[in-house]
Amino acid sequence: MLASLLRRLIQAIMVILAMTIIVFVGVNVIGNPVDILINPDASQAEYARVVAHLGLDRPLWQQYLMFIQGIFHGDFGTSFVYNKPALSLIVERLPATLELAISALLIAIVVGLPLGLYAGLHPERMSSRLIMSGSILGFSLPTFWVGLMFILLFSVQLGWLPSGGRGETASFLDASWSFLTADGLHHLILPALNLALFKTSLVLRLTRAGVQEVLPQDYVKFARAKGLSENRVIYTHVLKNLMIPVVTITGLEFGSLIAFSVVTESIFAWPGMGKLIIDSINNLDRPVIVAYLMMMVILFVALNFIIDICYTLLDPRVRLDTKGK
Amino acid sequence: MSLTPTLEMARKAGLGLLLGIAIPSMAMAADSSLTIGMSTTFTTVDPHETSSSPNNAASRHIFDSLINRGGAAENNPQLATDWKVVDPTHWEFHLRKGVKFHDGTTFDAEDVIASLLRARDKPSQAFASYTRNIKDVTESDPYTVVVETTVPDPMILNSLSRIRIISADHAQDSVADFDSGKAAIGTGPFKFVSYSPGDRLVLERNDDYFAGPSEWKNVTLRMIPDNGARLAALLSGDLDLIETMPAEGVDRVENSDNLQLIRGQSTRLVFLGVNVMDTPTAFITAKDGSKLDKNPLQDERVRRALLMSINRPAIVDRVMQKNGTVADQFVAKGYFGHSDAVKPVKYDPEGAKKLLEDAGWGDGFKMTIQGPAGRYVNDSAVLQAVGQMFSRIGIETSVEVMPWSMYSKKYTTGDYSVFLGSWGINTGEVSNPALAVVAGRDDEKGTGRYNGGGVNDPEINKLLDEAPRKPLLEKVSELTFNKLWILPLHYENVVLAAKKSISYAPRGDKYTLAYDVKSAAN
């Protein structure tokens, strides 16, 4: 377990190193952030002063070394645009994205799992067919379109829910959260549903496929023959065995919910990290881009690790140390 | 001083205007609230850190300046009540008495000095173009300051209207202190309540505002750059007023019972830059693709033919969906430096063909034109349309658009032959765009930094070397646009949409200021 943890840690560090180098070189190739930041009226001398202030007058390798040095002191650089530490900018917006992603994931599991189970157990029923066709829609409709339709229907026509923004927030653990206030929850419903739509369909279809694969297996037949109650057969024998692919996918998808929720965030004016990273890329705000991507690498590595632990809990045959050898 | 009588009049007019507004609004100061959907994001509440339009517009809600800039770029008194020129490099300003900061402290000369010097010395240098001539600021008494400039600077009032006055107690505070609200203490019409970056700034009326309290008790500035989302929020009633009304929703708003469109002309000029310095120029070849030995753009007749081939009224009408106004020079009539002697160029494709023939390019040539995508209103669509119109007079044109972060570096350095450029003329006068776009490039003087066409007209350079006075600037307009050193396309319009219950007069600089939003009943 410990060895596996250590190995992953080293892998993560290698990935981060490679990623930072790519970002440094990449941003440098695209253009000069000063050209975008500076007031177009500025004179040559003023321009040079800003370049020096941002440290962009040094050769790229020096800038990179300074950045690496900073990391060891917990300093991920200062945003060119906001003139605030890049890390705190990201952390400031993390709660918004996190609560959106978690809500979406919860919706996906709470709705997708039972429906998938139902559709798998009773594939011939009309209602199952309806569910399956519905999931195709959930898969194929583009998020931004559905989001706009949600707004048009629920905010513009019916006036039930707000069209965007986070609403009132309450403070918890030094961060502000929307789900702790009624108004915030009200604001959270539409974006969370929008983000959950695709994932719900995914969980639903995975579950259904899993059920149909497990049902004809001998141990299910044996359990039934033993006279176990249908509930026990389904919840202990069927569900547990189909969970491995579901857990893998949901885990990975949770990462992508956090990293790529930008479409939903911009449609619902949700001030999360997705909007920040897009703005930063447009402004070539290198410190924020690098810090954000580093967090994402760490997030994905951590998620993978958590998924693997879940495997061992679900399936005693899987052991972390022997995996991948 | 010939300046004094006009200043006196402007001051009286300005004060009268302010008082006229103040009286009815005090009478009906109810618990009203206003929510504005901004189309761009501002990055901080610190008024001296970044000088982008959204930042400057947002900071005006909390902070005042010495000079108040009106919607058509006129300079009115704000924290300075009047001023005089002591000698060409010394300006004396008398400060308004009895003005209080939001924290209750009294405003005086110390705050002015701290603010102007803070703006000048900030490492981000965002306000450098306004502060670079400020040598020193001194106080002769608590309500009189003298601004000393390094050179005679007739534009100093313009510059001072840009710099917000903060409390001297917070001059050393960081960006984070301003964003948390600790240092966001001004004398302006609204007090800071909360700020959530990338999302909203919440404000509350300053009941003691010297020009009279705003009509709105609670004001929220929400940043919603996504067009669809901003429009939807207006339709659902969450917002009262939105900036940059997306063209695709115009019908819907016009047919609505309780919404209205508000249009006005901005000072942002969109133009085509033409490379007149390189022989030959990189993106023009003969029709068979072989190299040319000369640059057709150096011939004024070719430039004129290009402009004549562009149906600008149609572009403004259809491509821009009426979100633009055809332009013939740097600034529209009424602005400083506009010249009636500039001859407008009419759409005339037949005449254009003839001109090309006269110039010896009857067979046309092949050209690639470049522009940014998503930087200006419908920029890439405009460029596509222009390309097609060029092709119609026999110039085989292909169009290349790219993201701003790639384009911004290259178009200023003369890499392109014909390219889309734009300049937001925030000073509302001609010297500002002319120095950047058509003055000869001189790194030492800092002129011509955006002169991507390499224009180098000795007459223009000489005129711009002198202090910017009206007849000189008019002459610059004439020289630039009668010789067509750049091809003017249009001014972007300011298009807002709002509930019918409110009224707002759009400003040339596109700022949306809650203080100027009125309920329509008045």
Side-chain angles (χ1 to χ4, degrees), chain A residues 27 30-33 35-47 49-50 52-54 79-85 88-89 92-93 96 144 147-148 151-152 154-159 161-166 169 176 263 265-272 275-276 279 281-284, chain B residues 37 41 43-44 46 49-52 122-130 132 174-176 179 196-200 220 222-226 228-230 232-239 374 403-410 412 423-424 426-427 432 435-436 442-447 449-450:
Chain A
V27 171
I30 297 173
N32 187 345
D35 288 327
I36 297 175
L37 288 175
I38 202 167
N39 189 324
D41 297 330
S43 74
Q44 205 63 32
E46 288 148 12
Y47 186 91
R49 239 176 293 160
V50 176
H53 169 62
L54 297 179
S79 158
F80 297 157
V81 176
Y82 297 90
N83 193 13
K84 283 200 250 182
S88 77
L89 266 175
E92 209 167 68
R93 308 212 188 186
F144 71 90
L148 284 174
I151 294 178
L152 278 180
F154 293 106
S155 317
V156 179
Q157 297 297 337
L158 300 170
L161 294 165
S163 64
R166 266 187 98 185
T169 54
S176 45
V263 175
E265 282 183 10
S266 40
I267 289 175
F268 290 93
W270 192 263
K275 274 177 80 183
L276 178 71
D279 288 346
I281 291 171
N282 280 332
N283 290 326
L284 301 179
Chain B
T41 44
T43 51
T44 170
D46 185 336
E49 175 64 24
T50 306
S51 170
S52 65
K122 264 238 167 193
S124 68
Q125 291 288 303
F127 285 84
S129 47
Y130 308 118
R132 67 168 71 107
S174 68
V175 171
D179 288 352
S196 135
D199 179 30
R200 67 185 66 201
T220 308
R222 287 186 51 190
M223 299 169 244
I224 314 182
D226 186 85
R230 194 167 61 254
L234 175 78
L235 293 173
S236 70
D238 290 347
L239 301 177
W404 177 248
S405 41
M406 285 169 73
Y407 184 70
S408 64
K409 190 173 190 178
K410 292 174 91 177
T412 58
W423 195 264
N426 288 328
T427 57
N432 167 274
L435 278 169
D442 184 334
D443 287 346
E444 223 151 87
K445 283 194 291 181
T447 60
R449 290 203 38 236
Y450 291 77

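From a predicted model like this one, the values you see are computed outputs, not experimental measurements. Throughout, a chain's letter reflects where its sequence line sits, starting with A, and its residues are numbered from 1.
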When rounded to the nearest 0.5 angstrom, what is the spacing between OG1 in B/Thr41 and NZ in A/Lys275?
-> 7.5 Å

From CG (B/Leu235) to CG (A/Leu152), nearest 0.5 Å =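 Rounded to the nearest 0.5 Å, the CG-CG separation comes out at 7.5 Å.
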
With only heavy atoms counted, which part of A/Tyr47 is less than 4.5 Å from chain B, the side chain, the backbone, both or neither?
-> side chain

In terms of heavy-atom proximity below 4.5 Å to chain B, should A/Asn83 be classed as side chain, backbone, both, or neither?
-> both

Partner set under ring-ring contact (aromatic ring centres under 6.0 Å, His included) for A/Phe80, not counting sequence neighbours |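 ring-ring contact (aromatic ring centres under 6.0 Å, His included) list for A/Phe80, sorted by chain: empty.
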
Tell me, for [X] versus chain A, whether the close heavy atoms (under 4.5 Å) come from the side chain, the backbone, both or neither.
{"X": "B/Ser124", "answer": "backbone"}
{"X": "B/Ala232", "answer": "both"}
{"X": "B/Asp179", "answer": "side chain"}
{"X": "B/Pro123", "answer": "both"}
{"X": "B/Arg200", "answer": "side chain"}
{"X": "B/Pro197", "answer": "both"}

Donor-acceptor contact present, side-chain B/Asp199 to main-chain A/Pro271, <3.5 Å = no

Considering only heavy atoms and a distance below 4.5 Å, find which of B/Ala176, B/Gly228, B/Ala128, B/Gly237 pairs most often with chain A.
->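 Of the options given, most contacts go to B/Ala128.
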
Set of side-chain contact (heavy atoms from CB on, under 4.5 Å) partners for B/Ala229, sequence neighbours left out | B/Ile224, B/Asp226

Nearest heavy atoms of B/Val175 and A/Tyr82, plus distance in Å |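 Answer, listing the atom of B/Val175 first, then A/Tyr82: CG1-O, 3.7 Å.
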
